[in-house]
Amino acid sequence: MAGARPQCLLLGASGVGKSLLVKRLQKLSSKEGAKGLGEPPATLPTVGTNLTDLLLQRKITIRELGGCMGPIWPSYYGDCSAVLFMIDAANPTQVSSSCIQLLSLLSAEQLASVSVLILFNKIDLPCYMSLVEMKSLFRMQDIVSCATQPITVVETSARDGTGLPDVLQWLQDTLRDPS
């Protein structure tokens with residue numbers, strides 16, 4: 001994989017904000033940067049997969065898989081250099097299914113050493129659960145202690161841009177050119 005363009009999988013349930021996140025990250029990593037973020041663009045639910053290139057210190061491809069594609073996510077694990085797993089922090093009814101999806105991907109042999117960034121998104125909404133609540137509901141301490149891969153957690157709002165510079169920094173640090 002040396003020299004190959006790193007590919008990051010963006011996974012999560014339907015409606016968590018993956019498409020908006022990718023559009024905002026692309027805008028943030030452009031020449032205009034944060035000053036060009038502006039109003040959130042309209043998005044449509046992803047059917048299938050979307051590929052988006054981000055130009056950080058090197059070109060990184062983000063492969064966003066639609067939430068309804070959960071059963072076939074493992075077929076994409078082989079080409080993966082990092083994983084972004086997105087959770088809707090304002091949707092408590094989605095917590096258990098998101099937790100099951102997360103545990104499934106963390107236990108996948110192909111991802112045993114792949115860095116994972118967990119994004120608790122939609123923190124701009126008044127009904128969002130705090131990071132402490134989310135970590136407790138997900139039993140994050142247990143998950144991190146049992147996982148073989150490095151896990152980082154970030155609170156984000158793809159809508160207003162909160163936390164997105166941290167996501168770009170994580171991508172840059174994690175997918176740094178090995179040479």
Side-chain angles (χ1 to χ4, degrees), residues 5-70 73 76 79-92 94-95 97-98 101-102 105 114-131 133-135 138 140 150-177:
R5 178 183 310 165
Q7 186 172 147
C8 178
L9 282 179
L10 173 57
L11 307 172
S14 298
V16 297
K18 297 181 298 291
S19 298
L20 183 57
L21 175 82
V22 170
K23 286 184 177 189
R24 302 299 256 176
L25 289 176
Q26 194 172 35
K27 188 84 167 166
L28 260 183
S29 65
S30 72
K31 288 184 179 90
E32 297 153 28
K35 66 179 179 285
L37 208 50
E39 283 298 305
T43 59
L44 294 170
T46 299
V47 177
T49 181
N50 283 332
L51 291 173
T52 305
D53 288 334
L54 298 181
L55 194 53
L56 301 172
Q57 286 174 324
R58 68 193 286 202
K59 195 178 275 190
I60 294 168
T61 300
I62 294 186
R63 178 183 293 273
E64 174 197 352
L65 297 176
C68 61
M69 292 180 63
W73 288 353
Y76 291 92
D79 301 328
C80 175
S81 309
V83 174
L84 297 176
F85 186 78
M86 197 169 214
I87 298 161
D88 183 342
N91 187 346
Q94 226 175 40
V95 168
S97 60
S98 290
Q101 287 178 322
L102 176 62
L105 90 93
V114 172
S115 295
V116 176
L117 179 63
I118 298 171
L119 305 169
F120 289 123
N121 191 39
K122 300 191 182 183
I123 63 165
D124 56 309
L125 298 180
C127 57
Y128 90 96
M129 291 175 280
S130 72
L131 189 57
E133 290 171 304
M134 291 298 285
K135 282 182 169 181
F138 271 83
M140 226 41 191
I151 297 175
T152 307
V153 176
V154 174
E155 285 184 300
T156 60
S157 167
R159 180 172 299 288
D160 71 16
T162 304
L164 299 192
D166 297 331
V167 175
L168 286 177
Q169 187 63 55
W170 182 88
L171 286 167
Q172 197 162 293
D173 293 346
T174 303
L175 303 173
R176 180 174 282 127
D177 199 338

Measuring from Leu10:CG to Phe85:CZ, what's the distance to the nearest 0.5 Å? 10.0 Å
Closest contact, heavy atoms only, Leu84 versus Cys8: CG-SG, 3.6 Å
How far does CE of Met134 sit from CD1 of Ile123, to the nearest 0.5 angstrom? 11.0 Å
Hey, could you give me the CD/CD distance between Gln172 and Gln169, rounded to the nearest 0.5 Å? 5.5 Å
Under the 3.5 angstrom rule, does the side chain of Ser98 hit a backbone N or O of Val95 as a donor-acceptor pair? no
Please examine the side chains of Gln101 and Leu11, heavy atoms only from C-beta on, and report whether any two atoms are closer than 4.5 Å. no
Could you grab the distance from atom CD1 of Ile118 to atom NZ of Lys135, nearest 0.5 Å is fine? 9.5 Å
Value rounded to 0.5 Å, distance of CG in Asp173 from CD in Gln57: 8.0 Å
Under the 3.5 angstrom rule, does the side chain of Lys18 hit a backbone N or O of Gly12 as a donor-acceptor pair? yes
From the list Asn121, Leu164, Val16, side-chain contact (heavy atoms from CB on, under 4.5 Å) with Leu21 holds only for Leu164
If you look at every heavy atom in Arg159 and Arg24, which pair is closest and at what distance? O-NH2, 2.6 Å
Any side-chain heavy-atom pair from Ile87 and Phe138 closer than 4.5 angstrom? yes
Indicate whether any N or O donor in one side chain lies under 3.5 Å from an N or O acceptor in the other, for Glu64 and Thr52. no
Hey, does Val167 have a side-chain heavy atom less than 4.5 Å from the side chain of Leu119? yes
Arg63, CZ atom: more than 12 neighbouring heavy atoms under 6.0 Å: yes
Do Leu102 and Met140 have side chains that get closer than 4.5 Å, going by heavy atoms? yes
Where Ser115 and Thr174 come nearest, the two heavy atoms and their spacing: CB-CG2, 3.5 Å
Given side chains that start at C-beta, do those of Val154 and Trp170 come closer than 4.5 Å, heavy atoms only? no
Test item: Val153 and Leu131 side chains (from C-beta on) under 4.5 Å apart, heavy atoms: yes
Note: Asp79 and Gln7 closest approach over all heavy atoms is O-CB, 3.5 Å
Shortest non-hydrogen contact between Cys68 and Ser14, atoms and distance: N-OG, 3.5 Å
Should Leu55 and Ser29 count as side-chain neighbours, where that means a heavy-atom distance under 4.5 Å? no
Check: Leu54 and Lys59 side chains under 4.5 Å, non-hydrogen atoms: no
Which heavy atom in Ser81 sits nearest to a heavy atom in Leu175, and how many Å separate them? CB-CD2, 3.5 Å
Spatial distance of atom OG1 (Thr156) from atom NZ (Lys122) [nearest 0.5 Å]: 10.5 Å
Thr152 and Asp166: CA distance, side-chain angles, deciding distance, side chain to side chain contact (heavy atoms under 4.5 Å, CB included) verdict: CA-CA 11 Å; Thr152 307; Asp166 297 331; over 6 Å; no
